[in-house]
Each structure stands twice: as C-alpha cells, then as structure tokens.
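Encoded as structure tokens, the structure appears first; notes follow it.
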2 protein chains.
Amino acid sequence: MVTKVKENERTHETCTKALIPVRDALDILSGKWKLPIILALQFGNKRFSELAKQVHGITDKMLSKELRELEMNELVKRTVYDTVPVVVEYSMTPYGETLEKVIEELQIWGAQHRKRIIRKGK
Amino acid sequence: MVTKVKENERTHETCTKALIPVRDALDILSGKWKLPIILALQFGNKRFSELAKQVHGITDKMLSKELRELEMNELVKRTVYDTVPVVVEYSMTPYGETLEKVIEELQIWGAQHRKRIIRKGK
DNA sequence: CGGTATCCCTGAGGATACTG
DNA sequence: CAGTATCCTCAGGGATACCG
C-alpha cells in the first residue's frame, strides 16, 4: 500500500512536470485569434489593416490586443515606418517560426481526426 | 492590382484550410482539464476517484463532463465493472494514444519557451 | 463509488464610437 | 492608418448539495 501511495505521488509529480510546458505552449496558441494571425503572417508580412481583412471576423480591438501579446512573446515583430500616414508592418520573428513544427503536428492530427469524425457521421 | 487581390484571396483561402484542422485539434486539447486528464491516463488506467485525486483541483462535475467529451471523441474508454459498489475504469484508447506525438511537440516547444522567458526575466 | 442538479461568477471576446 | 475607450454578452468553469 505504501508502494502504491508512492507510485501515485510519483505519477502526479511526473504529470505536473509534463503538464506545465504543454500549458505554456497552449497559452500561446489557444484563444480565438492567435493562430489565425500567425498563419496569416506565415504567408508574408502584413500591415494592420491587411491583417484585419484577412483574419476574418476579428475586430480592431482584438487584433491589436493579440498582436501586442504575440509581440511580447517575441513571436511577432512590429515595425513602424515613419511615413505620413504612418505604416506599421507585422512579421514573424525567427523565433515565431519555431512554432511551425508544433502547428504542423496539430494540423496533421486535426485533419486526420476530422476525417474520422466524418466517416463515423455517415 | 487585380493580381494582388487574387493573391490575397488565395492566401486567405489557404489560411482557412490550414486553420480548420488546427482548430479541431485544439478544441480537443484546450480547456483547463482535458490535457491533465489525458496525461494522467497515459500513466495507466484509473478509476473516477483516482483521477479526481490526481488531477489536482478538478471538481467531480468537471471531471465527469470532460471524461464524457473525451469518450465521445473516442480518446478515452469507459469500462464499468458490475461489482457492488460499482467500479468504473477509464483508459486511453489506441486512438487516444495517437495524440502522443502532438502533445510531445507541445511539450518540447513549451519547455524551450519557458527557458527562454526565464532567461529574459533575469 | 461515481456521478447529477443548481446556482453563481469571472473573463474572453464582441459592438460601437472615437483619436493622434 | 492604426489603433483606444467603453460598455456589454455569454459560456467555461467553480461551489455546494444531493442521488442510485
């Protein structure tokens, strides 16, 4: 019994350790808008208004907020060109690009899952 | 200009196509409790009350609800043993195990991101 | 033991209007 | 153009009590 208790404790500990980084990653990717923005930027640098158009349904407020967060995490770079009127360009940072593999795995699994669900549905 | 418009349309379309499966995958993994439960089950089959203990902080209601959803997606299997009192065992399905790679990628990226943040913090 | 039923609260996100 | 400011809604999740 003592052994079993220790086993559970160890399991719990190990789970927690595994969980924290996964949470960290998901905190960055989850929410309604971060991924749409990232995907849009992976196709090339974009200005605020271009993103507002291409990320369908997003409001200015959300776009602004999400970009700020992505910038704080150094996934996205914000460049201000000193023109009149001002032009602001957003781009992925090299660090942001390291997300590619994670996103790809999500995409692969998700696509496969969708097929499965549809198959069952019929 | 026409070219540019077409380009944007294509980009938008491609983004949407890439986005849907990623969303599908995240819908399964996001939320506060699904991953903790999955990780716990990856260490072995567990009964309801064992999960309630090991998934720290979860309420019965949430555990029940999340398990039902995981079961509906065929990621988790629920087995009822006809004893008195009744025993219910939860386990990962083979399909559920296919999530391993995705979770691993999230974990790798998250761990690396955490290191980065901590380094900056100092 | 393995859950439901209720009621409640917070915060993510939306709508709209405004600004340097 | 590139955002802020304000106000509002709603669903995810918590607390507590109860049930076969």
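Each chain gets a letter, A, B and so on, in the order its sequence line appears, and its residues count up from 1. On a predicted model such as this, the values are computed, not experimentally measured, just so you know. Atoms considered below: every heavy atom in the structure, side chains included; atoms not considered: hydrogens, waters and symmetry mates.
For residues 21-61 of chain B, no pair satisfies ring pair (Phe, Tyr, Trp, His ring centres under 6.0 Å), with sequence neighbours left out.
A distance of 6.5 Å separates CE in B:Met92 from CG in B:Leu41, rounded to the nearest 0.5 Å.
With hydrogens and angles disregarded, a donor-acceptor distance shorter than 3.5 Å links the side chain of B:Glu50 to the backbone of B:Arg47. A distance-only check finds a donor-acceptor pair linking the side chain of A:Thr93 to the backbone of A:Leu75 [under 3.5 Å]. Between the side chain of B:Ser64 and the backbone N or O of B:Asp60, no donor-acceptor pair lies under 3.5 Å. Between the side chain of A:Arg78 and the backbone N or O of A:Ser91, no donor-acceptor pair lies under 3.5 Å.
The closest side-chain donor-acceptor pair between A:Arg10 and A:Thr14, if any, does not fall under 3.5 angstrom.
OP1 or OP2 of D:dC1 has not a single side-chain nitrogen or oxygen of A:Arg47 nearer than 4.0 Å.
Rounded to a whole Å, the NZ atom of B:Lys46 is 17 Å from the P atom of C:dC1. If you take OH of B:Tyr90 and C1' of C:dC1, they are 11 Å apart, rounded to a whole angstrom.
Contacts between residues 21-45 of chain B and DNA chain D, defined by a heavy-atom separation under 4.0 Å, are made by B:Gly31, B:Lys32, B:Trp33. A heavy atom lying under 4.0 Å from DNA chain C marks the following residues of residues 58-87 of chain A, by number: A:Lys61, A:Met62.
The shortest non-hydrogen separation linking A:Lys34 to A:Ile28 is CD-O, 3.2 Å.
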